[in-house]
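Right, one structure below, let's go through it.
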Amino acid sequence: MKIAAAAAVVMAVALPASPAVADGSPDERPDVPVGTWLAARTQPAVQMTSFTYTGTVAVPTSTINQTAFQELVQQATATVASGKISSDERSIAKWLFQRIAADVDTYLTSTTPERTVEAEVGGLCTGWWVTPDGYMVTGAHCVQVGETELSQLFAKQALTKFNEQDAKEIISGLQGLEADEEILKLAQQIYITFNTNHMTIRGLKQSLSVLQSLPGGGVDKTAKAVPAELVSVGESYPGKDFALLKVNGQQNLPTVPLGEDADVRTGDTLYISGFPGLVTNTPFFSLESRLEPALTEGPYNAKRSTQTGVPYIQTQAPSYHGNSGGPVFSKDGKVIGMLIAGTVSETGESSESESFVLPVSIIKEKLGEKNVKPAQALTTTRYNEALNDYFRHYYEDALPKFREVQALFPNHPYVAKYISDSQQAISAGKDESPKPILMWVLIAAGVIVAIVVILVLVKVLRERRRPQPQPAYPSPAPVGAYGAVSPPPWQQQQLPPGQGHVSPPAQPAHGAHGHGAYGQGGPGGYGSSPYGSGQQNGNLQHGGDQYGSGQHGAGQYGGDQYGGQYGGAQHGPDQYGGQYGGQYGPPAHGGPQQPHGQAQPPLGDRTRNVRYGQFSPPPNDQH
């Protein structure tokens, strides 16, 4: 019992609490900053998009309207005479160019030949995968532009060469005028206006694409434009600025989940992911760095509504040209809207304090119109689980999941880097992956077994070292072989002449006390303790426990060292209960009782030397 109790205590101490394991839910954030967690989870699904227009730009040759120009020269002369302008040629030329630029069609006339140039214009935006098979969400103004804006784009890209050439010609017509930078800009402005107004675009074609990386992972110079089909488009801001693209031949694409409008409210932090033009249009950065989305954050300032009733969210999260169409997240990693617009200062700079987000309810409405249901592939599930393990430093647990992601989607832009980083962390001994519960149980069980064995050995050694108590009466001399001994004098019994061995009378079954024959060492019966459990040549070595302290000795029938065979606590109240209580005592009170009709020997006649264990005790009728 002591050993069992000790083992229980050891188990309670040695068995460690179940270690924290990687959460099965990929939506539970590890102990890392929200922005870090969000960026890692959402970046694979956020892609740069581009729209491109190609066509032939044609502009006529221009010529000065001499009649109108001579009238302007006369006005300049009068102005000089009145002292309103200086009489030097530079001041006069500046005054003339300003008047022509203000009304170009009065002073310039279209003529031949027509000049043409092949041109391509476009823009970069942000989009994000909403289904694993290639449906992408972005802004309406990211896939198409109005005629006025389109003309401005073509004029800026295709007409620069013509504008500079025409400006030099008009300056050369003013003899003796030395053109400085200011005069040159004034002259160019004349032709920027005229050529743009008289430009025509022929063979206009539009294409949409998504920039994807090649197999092997990593967004770098190997990224290529994959054609996309325009499925649906709404109205540009301030309308429902939404567009749906489809890239064919895709599977297992990483996606981001959609939330609800009610997931966020004023004061909550919002997170915008996308490709700001301040970076993508800067030549100082490498291509791979320009193709990695940026994450900005800021508070939800207010809920707005346009004059036509379209809801928008105002946020202080910074956004720039190129962020348009990018997803906006809550702290839980779900899309609550899409970045559409921001206020622009008079100088054309974005204002960081006012960005406007189209709510996710409008996005769901537009997806529903095309029967497109957002979904998440196993790629995203495994990737998010692996990221959680990675951030918890469970690198060994994360590594196979990252490899599964790479097998599911070889074009994954970031998984190759995480695989490499995980391997390096494992090699550096930084892995903290929890061991399986079974391993901890086996370790604890091994410890428990070792401690129990030690306790048993200690107990055995103590028993061997403990001095044996001396009997109150002299021990009988050994008689016969195998160490058989004579019983104490009071246990010797008269045998009939000529009988060397007497079989015991039949005994009734006594439950737990009747499993073995008397003196035979049966399990649970008389003589089943350490010193009486075996039989040699028909003779028990010692009978019960140490002279009768076995099941019917010191337990129920015997209370002392020598009272194990007949006497005990229950049948005899004196110190040597086996002497007078068991053999001669009453069942419960010590009165006389004849054992099965046998004559009671006189107290003094107990000297016959009978081999111990070769006679049967009188039957006990109590049981």
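Residue indices begin at 1 and follow the sequence shown.
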(message) Ring centres under 6.0 Å, that's the criterion: do Phe409 and Tyr383 meet it?
(response) no
(message) Check whether Tyr135 forms a cation-pi arrangement with Lys246 (NZ or CZ under 6.0 Å from the six-membered ring centre, at most 45° off the ring normal).
(response) yes
(request) Please round to the nearest 0.5 Å and tell me the distance separating atom CD of Gln212 and atom CG of Leu253. (result) 6.5 Å
(message) Over 60° means perpendicular and under 30° means parallel, so tell me whether His393 and Tyr395 are parallel, tilted or perpendicular.
(response) parallel
(request) Could you tell me whether Lys331 atom NZ has more than 12 heavy atoms of other residues or ligands within 6.0 Å of it? (result) no
(request) Drop me the distance from Asn323's CG to Phe275's CZ, to the nearest 0.5 angstrom. (result) 9.5 Å
(request) Take atom CD of Glu235 as the centre, draw a 6.0 Å sphere, and report whether it contains more than 12 heavy atoms from other residues, nucleotides or ligands. (result) no
(request) Assign the ring pair Phe402 / Tyr418 to parallel, tilted or perpendicular, where the plane angle (0 to 90°) is split at 30° and 60°. (result) parallel
(message) For the residue pair Arg115 and Phe162, would you count it as a cation-pi contact if the rule is NZ or CZ under 6.0 angstrom from the ring centre and within 45 degrees of the ring axis?
(response) yes
(request) Any chance you could measure Cys125, atom SG, to His141, atom NE2, to the nearest 0.5 Å? (result) 5.0 Å
(message) What verdict does the side-chain hydrogen bond (donor to acceptor under 3.5 Å, both in side chains) test give for Thr42 and Ser273, after you've listed the backbone C-alpha separation in whole Å, the side-chain angles of each residue and the deciding distance to 0.1 Å?
(response) CA-CA 8 Å; Thr42 61; Ser273 182; 4.6 Å; no
(request) Scan side-chain atoms only and decide if Thr315 and Asn301 contain a donor-acceptor pair under the 3.5 Å cut-off. (result) no
(message) Between the side chains of Asp421 and Lys417, is the shortest nitrogen-to-carboxylate-oxygen separation below 4.0 Å, so that they form an ion pair?
(response) yes
(request) Scan Asn388, Leu387, Thr381 and name whichever one has a side-chain contact (heavy atoms from CB on, under 4.5 Å) with Glu385. (result) Thr381
(message) How about CD on Glu114, more than 12 heavy atoms from neighbouring residues, nucleotides or ligands closer than 6.0 Å, or not?
(response) yes
(message) Show, in sequence, the C-alpha distance, side-chain angles and deciding distance for Asp133 and Thr131, and conclude whether the side-chain hydrogen bond (donor to acceptor under 3.5 Å, both in side chains) test is met.
(response) CA-CA 5 Å; Asp133 60 349; Thr131 65; 2.6 Å; yes
